[in-house]
Number of protein chains: 2
Amino acid sequence: MNTLSTDLRAIKTRAAIQSHFIDLLLEKNFNEITVKDIARAANIGRGTFYLHYTDKFDLLGKLMDEGLKSATDNFQPKAYFKEGKVLPERLVGYALKMFDHFQEHERFYRAMLFNEGISSFRYRMQQSYLKKFRHEIQELSQANRMSDPITMEILPIFISSGMIGLVGWWFKNNMRISKEYMARKVFQVMTKGPLQVLGFAIDEEGEDELRKK
Amino acid sequence: MNTLSTDLRAIKTRAAIQSHFIDLLLEKNFNEITVKDIARAANIGRGTFYLHYTDKFDLLGKLMDEGLKSATDNFQPKAYFKEGKVLPERLVGYALKMFDHFQEHERFYRAMLFNEGISSFRYRMQQSYLKKFRHEIQELSQANRMSDPITMEILPIFISSGMIGLVGWWFKNNMRISKEYMARKVFQVMTKGPLQVLGFAIDEEGEDELRKK
DNA sequence: AAAATTGATGAACACTGTGTTCATTAGTTA
DNA sequence: TAACTAATGAACACAGTGTTCATCAATTTT
């Protein structure tokens, strides 16, 4: 396993390995994929694989890292708030950009999100987004009256987890729903909460009683 | 692999395998756990393992199924709404019951949620909760004016994903936050949305403009 | 363009874990 | 007590792993 060789041959080999590995992930369980399979698919000798990666877990891990890095780099935090107020159009635009990204890297996300044998991608993806959102929210709320620290911890978790669930569903439905619709729903959930979006009203008396405790 | 033998010896063996397997999961990566390891930990012969499970994936899968079934069976849908209105105290109670369950089965959830090598537990857990929530919400909204079908699909996804993210965080923090606090936050997010809970206001002009499009 | 460097090849190797078989032992049920 | 059946442990063939090495071939460098 070499440390990033820039030799043309090495670059081509790594590209072939990665691309065919994703193909394999799309068609069968990661557990059932052998280094032999990968080498055969990429048209290289099995030994050559070990010149670049220590094992298939190493390959998978590096793919994940690259993919997640490219994702978070891509979403530059536009100012979607102003004087403590969320700007709906900006927030929708931000969500839209995320869906653009997912669509562009469809093969990667399908492989990573749906392969039965893949460990921890959803978790790593969530951690990656969580970090991003937490950072943004902290910056945004600096100028304003803030919520308690635990709330500041918890809410970004809800947002990042929810987004990943949503994207998974969107792919499962072959992206039939427009990105615009999805982005707008994300906005609604963020600002009103799932139950109100679903059309439920909240009993005010009950809420008052809760507050007393 | 037998079909549920009720022989005392068989029951004891299965219990030993399952319990020690969870121990192993708590201390090392699933990928690195061999059948030999499991057999040694459970004090049985390696061949005996194969009398009960076809391989370690089979064991893992069965553990997951049992655990997830016991979870959803546990949350009996109390009527946390009335005439289209959500009853806060009831909803908080429902969330509280979920946290009770997670605490009770801490070892199981820690093993399943945090083992690096475990594939798809989070996904299966989400699917399991999704099914449950979708069903409940559909029943609840039968009598009332409903949202469009896509919204009915999407929102439960947000809820189930968010809950799982939250529980993971709660465990990571060694359950330092009280279940009561967690349940109340869940209620707030459900009814107000993450951004309002965080203290952000929504710009109304921008919202109006969005609606026009 | 020639020389030096480095990647790729394929065969060979020891090793680890897998899943199965089978005769024997020992615990459980009727 | 007798009949049953789970557990044992050793043996087996097999598949995949990760490494080595001499040789060939592509690429940089001079």
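Every chain is numbered from 1, with letters handed out A, B, ... down the list of sequences.
Regarding contacts with the backbone of C:dA8, a side-chain N or O of A:H52 is found under 4.0 angstrom from either OP1 or OP2. Between B:T48 and D:dA6 there is no side-chain N or O to OP1 or OP2 distance below 4.0 Å.
The nearest whole Å value for the distance from the CD1 atom in A:I38 to the C1' atom in D:dT17 is 12 Å. Residue A:F49 contributes atom CZ, which lies 17 Å from atom P of C:dG7 at whole-angstrom precision. The CG-C1' distance, from A:N43 to C:dG7, rounds to 16 Å in whole Å. Between A:L59 atom CG and D:dT17 atom P the separation is 12 Å, expressed in whole Å. Computed from coordinates, the B:E32 CD to D:dT17 C1' distance equals 14 Å when rounded to whole Å. When the C1' atom of C:dT18 is taken as reference, atom OH of B:Y53 falls 18 Å away, rounded to whole Å. Summarising the geometry, the separation between CD1 on B:I17 and C1' on D:dA6 is reported as 12 Å, rounded to the nearest angstrom. In this structure, A:N31 atom CG and D:dT17 atom C1' are separated by 16 Å, rounded to whole Å.
Taking the six-membered ring for Trp and the full ring otherwise, the centers of A:F102 and A:W170 sit at least 6.0 Å from each other. Here B:F108 and B:H101 keep their ring centres 6.0 angstrom or further from each other. Remark: aromatic rings of B:F30 and B:F57 are close, center separation under 6.0 Å.
In this structure, A:K97 fails the cation-pi test against A:F75, since its NZ or CZ atom is not both closer than 6.0 Å to the six-membered ring centre and inside 45 degrees of the ring normal.
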Query raised in the report: Just by protein heavy atoms under 4.0 Å, how would nucleotides 19-30 of chain C read 5' to 3' in B, S and -?
Result: BB-----BBSS-
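With the nearest nucleotide of DNA chain C identified for both B:T34 and A:I44, A:I44 has the one nearer the 5' end. Nearest-nucleotide mapping onto DNA chain C: of B:K36 and A:I11, the residue sitting toward the 5' end is A:I11.
For the atom pair B:F121 CZ and B:I164 CD1, the distance stands at 8.0 Å (nearest 0.5 Å).
With respect to the salt-bridge test (charged N to carboxylate O, under 4.0 angstrom), the residues B:R110 and B:E106 qualify. Between A:D37 and A:R40 there is a salt bridge, with a side-chain nitrogen of the basic residue lying less than 4.0 Å from a carboxylate oxygen of the acidic one.
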